[in-house]
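If you read the sequence from its start, that first residue is 1, and numbering goes on from there. No experiment lies behind these values; they were computed from the predicted model shown. In what follows, every heavy atom counts, from backbone to side chain, and hydrogens, waters and symmetry copies are set aside.
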Amino acid sequence: MQVVVDTNVLASAVLSPNGASRQVLRRCLLGEYQPLMGQALFLEHEAVLSRPEIFGQSRITEEDREALWAAFASRCRWVRVYYLWRPNLPDESDNHLIELAVAGGAEVIVTHNQRDFGRTELRFPGLRVLTPSELIMEE
């Protein structure tokens, strides 16, 4: 299954030793899910994962976080987004996730922020937006 993993899921997986976000990350690393990556998402992941204010209390070190990020990134299939759909989500900075999913043929966007994705002006049949828990429960 091809998935787009939102930054909030990756950050949650790093911060919490258990939980659905960690399970999604684990399944990506094991090859059970094929995560897609584009330039905008890559830069967003890097920016968030380098914020000391978010990870200052994390159980893992910065070096371990970087190694985990590198392992995740190495499992991703790079997708070039040639067409900007502009689905006009309430949070403009989330539009790139839908564009990446459509360009790469993803089945699911995994996010903790489902509410904003439900208010898009464009609908894409076959593309679902699920929380990590919902995705894990499907298996």
* To do: Please test V4 against I109 for side chain to side chain contact (heavy atoms under 4.5 Å, CB included), starting from the C-alpha separation and ending with a verdict.
  => CA-CA 5 Å; V4 173; I109 295 174; 4.2 Å; yes

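- Across all non-hydrogen atoms, the minimal contact from A20 to I136 is O-CG1, 4.1 Å.
- Note that CG of L68 and CG of L49 are 8.0 Å apart. Values are rounded to the nearest 0.5 Å.
- With sequence neighbours excluded, the residues that form a salt bridge (charged side-chain N to carboxylate O under 4.0 Å, His left out) with E138 are R128.
- Distance alone, capped at 3.5 Å, is enough to place a donor-acceptor pair between the R22 side chain and the S16 backbone.
- Note: L100 CG to R80 CZ = 13.5 Å, rounded to the nearest 0.5 Å.
- Atom CG in L127 sits 9.5 Å away from atom CD in E107 (nearest 0.5 Å).
- Side-chain atoms of L41 and H96, non-hydrogen and from C-beta on, do get closer than 4.5 Å to each other.
- Considering all non-hydrogen atoms of both residues, M1 and V108 come closest at SD-CG2, 3.9 Å.
- The distance from atom CG of N113 to atom CG of L97, rounded to the nearest 0.5 Å, is 9.5 Å.
- The shortest non-hydrogen separation linking R75 to L29 is NE-O, 3.5 Å.
- Between T111 and the options N8, L130, T7, a side chain to side chain contact (heavy atoms under 4.5 Å, CB included) holds for only N8.
- Across all non-hydrogen atoms, the minimal contact from H112 to S21 is NE2-OG, 2.8 Å.
- Screening residues 27-40 for side chain to side chain donor-acceptor pair (under 3.5 Å) gives R27-Y33 as the qualifying pairs, with residues at least two apart or on separate chains.
- Scored by the ring-ring contact (aromatic ring centres under 6.0 Å, His included) test, W78 finds F42 as partners (sequence neighbours excluded).
- In this structure a side-chain-to-backbone donor-acceptor pair under 3.5 Å is missing from D6 to V110.
- Judged by distance alone, the side chain of H45 and the main-chain N or O of V5 form a donor-acceptor pair under 3.5 Å.
- Put simply, the side chain of Q2 reaches to within 4.5 Å of the side chain of R77, judged on heavy atoms.
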